[in-house]
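Here the structure is laid out as structure tokens; the discussion comes afterwards.
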Amino acid sequence: MNVTGDQALVKKLNKSIVLERIRLHAPLSRAQLSSQTGLNKATVSNLVAELITDGLVYETGLGESSGGRKPLMLLFNSRAGFVLGIEVSVQYIKGALTDLAGTIETELTFPLAQHDPAFVMEQIQKLIQELMQVTPPSPHGIVGIGLGVPGMVDETGTVLFAPNLGWEEVPLRQRLEAELGLPVVVDNEANVGAQGELYYGMDSDHRQLVRDLVYISAGSGIGAGIIIDGKPYQGAWGYAGETGHMSIDWNGRLCSCGSRGCWELYASEKAYAASTFKLPAHSTAELLSFALQGDTNTLSVYRDIGRYLGVGITNIVNSLNPGMLIIGGPLAEARPWLEQSMREVIDERALPYHRRELQIRFSTLGSRSTMLGAAYAATAPFLGRVRVSL
């Protein structure tokens, strides 16, 4: 099939390619950009001139000469605009104001006393307004808002089903865009968490090597963000990654999704309330201090959670054979007390060829993966990441 595009589309694609190259590999000269992108020098010069006018790129210093005049080098202006990345969880909403490179300017957390959509929407707007008030001046201001939510989200930004919030058919993106007048991106929290890890949690060299990645978000529930061949995997209808509702006990505890024995009942913060051990607290933030003090019951619960994490991860590894698996979310902060039991189960149960070269890591972003991934999801459209489907 012949596929054609008008000149405006071709120019937009080329401009996006040039900006992406500068963003990831600066400092670069115009000649280097021409060589690396395959675009002719005149085209590169015209596109760079537009990017400089847009405030997204600036010139600095003189580069090394290859025999002629020393070239001016180009850098990405990450402070040309700002974005808001927001995580909606069962217990809180958390937001960060970041620049276009994911550097956090400030962050805020609001507790969620209830989950009624109208109340949560009101709290999200309050959070956004507070973050907008401290936004530094820039050529483009706030360019977008990204949200990660614990549930299934369709392509219109409607939260179809979020059992831990008790939501069904909530048009979150539509309502926020109408209220705020800004572009809004809404996705599953684990999906954006995977993007946060891929784009802000590792350097560009490692990112190019990682083609298949699974990000496990373990907090009030469990979700998975799946990257296949360097791209987010959504599934046939966009709902892939609901691993927290993978059954690991056919006749186990009743889950809010309507099923039984779901993984997240045993390997997320839900395990605190169900534990037979008497715990001094029931949130990860509070329990960490007791774990540091060596509280016996807290340590026992984390060992059990580690084992159950290992069971679910084994199923994922045997099914998808990823090159890398990253564990993030609030429970990643408990790594010192759950990692050993988790790895013991994986070593015992995962198929040997599947785990032979598998890298299992805990998030370098800690509990910020979803926030930063949501910020990235809002940044990408502004920077002109054009996708062409045949």
Minimum side-chain heavy-atom gap Q195-Y215 below 4.5 Å = no

For F290, the other hydrophobic cluster members (4.5 Å side-chain criterion, sorted by chain and number) are none

Hydrophobic cluster mates of Y58, side-chain heavy atoms under 4.5 angstrom, ILVMFWY only, any path?
-> L75

For Q234, what residues pass the side chain to side chain contact (heavy atoms under 4.5 Å, CB included) criterion, not counting sequence neighbours?
-> D187, N191, P232

Side-chain donor or acceptor of S16 paired with backbone N/O of K12 under 3.5 Å | no

Heavy-atom distance under 4.5 Å between the side chains of S89 and L112, does that happen here?
-> no

Return a table of donor-acceptor pairs under 3.5 angstrom between the side chains of residues 217-227 and protein atoms on other chains or two or more places apart.
| from | atom 1 | to | atom 2 | distance (Å) |
| --- | --- | --- | --- | --- |
| S217 | OG | E189 | OE1 | 2.7 |
| S217 | OG | E189 | OE2 | 3.4 |

CD1 of I360 to CZ of F362, rounded to nearest 0.5 Å, is 8.5 Å

Can any side-chain N or O of N77 pair as donor or acceptor with the backbone N or O of G55 at less than 3.5 Å?
-> yes

With L299 via side chain to side chain contact (heavy atoms under 4.5 Å, CB included) - residues at least two apart = A291, R303, W337

One should read off an interatomic distance between M342 CE and R335 CZ, to the nearest 0.5 angstrom, of 8.0 Å

Set of residues satisfying salt bridge (charged side-chain N to carboxylate O under 4.0 Å, His left out) with respect to R355, sequence neighbours excluded = none

Is any side-chain heavy atom of V170 closer than 4.5 Å to a side-chain heavy atom of R175?
-> yes

So which heavy atom on A374 is nearest to which on G85, and how close?
-> CB-CA, 4.0 Å

Looking only at atom types and distance, does a side-chain atom of S300 sit under 3.5 Å from a main-chain N or O of T296, one as donor and one as acceptor?
-> yes

Joint hydrophobic cluster, I145 plus V186, side-chain heavy atoms closer than 4.5 Å | yes

Side chain to side chain contact (heavy atoms under 4.5 Å, CB included) between K15 and L51, intermediate numbers included | CA-CA 8 Å; K15 192 173 180 179; L51 290 169; 3.7 Å; yes

Please test Y302 against L288 for side chain to side chain contact (heavy atoms under 4.5 Å, CB included), starting from the C-alpha separation and ending with a verdict.
-> CA-CA 10 Å; Y302 279 135; L288 293 180; 4.2 Å; yes

Consider only side-chain heavy atoms of I, L, V, M, F, W and Y, link residues closer than 4.5 Å, and tell whether L127 and Y92 are in one cluster.
-> no

For D295 and P280 the tightest heavy-atom approach is OD2-CD, 3.9 Å

Under a 4.5 Å side-chain heavy-atom rule over Ile, Leu, Val, Met, Phe, Trp and Tyr, are L84 and V185 clustered together?
-> no

Could you tell me whether Q36 atom CD has more than 12 heavy atoms of other residues or ligands within 6.0 Å of it?
-> yes

Nearest-0.5 Å distance, CG of residue L265 to OG of residue S247 = 9.0 Å

Ignoring hydrogens and angles, tell me if any N or O in the side chain of S369 forms a donor-acceptor pair with the backbone of L365 under 3.5 Å.
-> no

Quick one: list whatever passes salt bridge (charged side-chain N to carboxylate O under 4.0 Å, His left out) with E130, sequence neighbours left out.
-> none

V159 side chain near L165 side chain, heavy-atom distance below 4.5 Å | no

Backbone N/O of V90 and side chain of H115: donor-acceptor pair under 3.5 Å = yes

Using a 4.5 Å cut-off on heavy atoms from C-beta on, say whether the side chain of R260 contacts that of N251.
-> yes

I142 vs L180, side chain to side chain contact (heavy atoms under 4.5 Å, CB included): CA-CA, chis, key distance, verdict = CA-CA 11 Å; I142 298 290; L180 301 168; over 6 Å; no

For E179, what residues pass the side chain to side chain contact (heavy atoms under 4.5 Å, CB included) criterion, not counting sequence neighbours?
-> Q125

Does some side-chain heavy atom of V301 sit less than 4.5 Å from a side-chain heavy atom of Y272?
-> yes

Sequence neighbours left out, what passes side chain to side chain contact (heavy atoms under 4.5 Å, CB included) with E242? Give chain and number order.
-> M152, N188, H245

Side chains of D249 and Y266 in contact at under 4.5 Å (non-hydrogen atoms) = yes

Start with the C-alpha distance between Y199 and T379, add both sets of side-chain angles, then the distance that settles side chain to side chain contact (heavy atoms under 4.5 Å, CB included), and finish with yes or no.
-> CA-CA 11 Å; Y199 292 103; T379 302; over 6 Å; no

Using a cut-off of 6.0 Å, state whether more than 12 heavy atoms not belonging to E357 lie near its atom CD.
-> no

List the atom pairs, with distances to 0.1 Å, where a side-chain N or O of residues 312-332 and a protein N or O form a donor-acceptor pair under 3.5 Å, not counting sequence neighbours.
| from | atom 1 | to | atom 2 | distance (Å) |
| --- | --- | --- | --- | --- |
| T314 | OG1 | G310 | O | 2.7 |
| N318 | OD1 | L351 | N | 3.0 |
| S319 | OG | N315 | O | 2.7 |

For E59, which residues count as a salt bridge (charged side-chain N to carboxylate O under 4.0 Å, His left out) partner, sequence neighbours excluded?
-> R30

Cluster link L33 to L47, ILVMFWY, side chain under 4.5 Å | yes

Candidates I93, L182, I86 - the one meeting side-chain contact (heavy atoms from CB on, under 4.5 Å) with I128 = I86

Sub-3.5 Å donor-acceptor pair from the side chain of T298 to the main-chain atoms of G294, do we have one?
-> no

First locate atom OH of Y233, then atom CG of D212, and finally report the distance between them rounded to the nearest 0.5 Å.
-> 12.5 Å

Donor-acceptor under 3.5 Å (S29 side chain, Q32 main chain) = yes

Distance, nearest 0.5 Å, that separates OG of S45 from CG of N40 | 9.0 Å

Please check if any side-chain donor atom of E269 sits under 3.5 Å from a side-chain acceptor atom of T284, or the reverse.
-> yes

Rounding to 0.5 Å, atoms CD1 (I305) and OG (S275) come to a distance of 8.0 Å

List the atom of T135, the atom of F82, and the distance in Å for their closest heavy-atom pair.
-> CG2-CD1, 3.9 Å

Hey, quick one: are Y308 and L287 part of the same hydrophobic cluster, counting side-chain heavy atoms closer than 4.5 Å, chains of contacts allowed?
-> yes

Can you tell me if R21 uses its side chain to pair, donor with acceptor, with the backbone of L28 under 3.5 Å?
-> no

For residues 97-109, tabulate all N or O donor-acceptor pairs below 3.5 Å that involve a side-chain atom, not counting sequence neighbours.
| from | atom 1 | to | atom 2 | distance (Å) |
| --- | --- | --- | --- | --- |
| D99 | OD1 | A101 | N | 2.8 |
| D99 | OD1 | G102 | N | 3.1 |
| D99 | OD1 | T103 | N | 3.0 |
| D99 | OD2 | S78 | OG | 3.3 |
| E105 | OE2 | R79 | NH1 | 2.5 |
| E105 | OE2 | R79 | NH2 | 3.4 |
| E107 | OE1 | R368 | NE | 3.4 |
| E107 | OE2 | R368 | NE | 2.9 |
| E107 | OE2 | R368 | NH2 | 2.9 |

Between the main-chain N or O of S341 and the side-chain N or O of R307, is there a donor-acceptor pair closer than 3.5 Å?
-> no

Any side-chain heavy atom of E197 sitting closer than 4.5 Å to one from T364?
-> yes

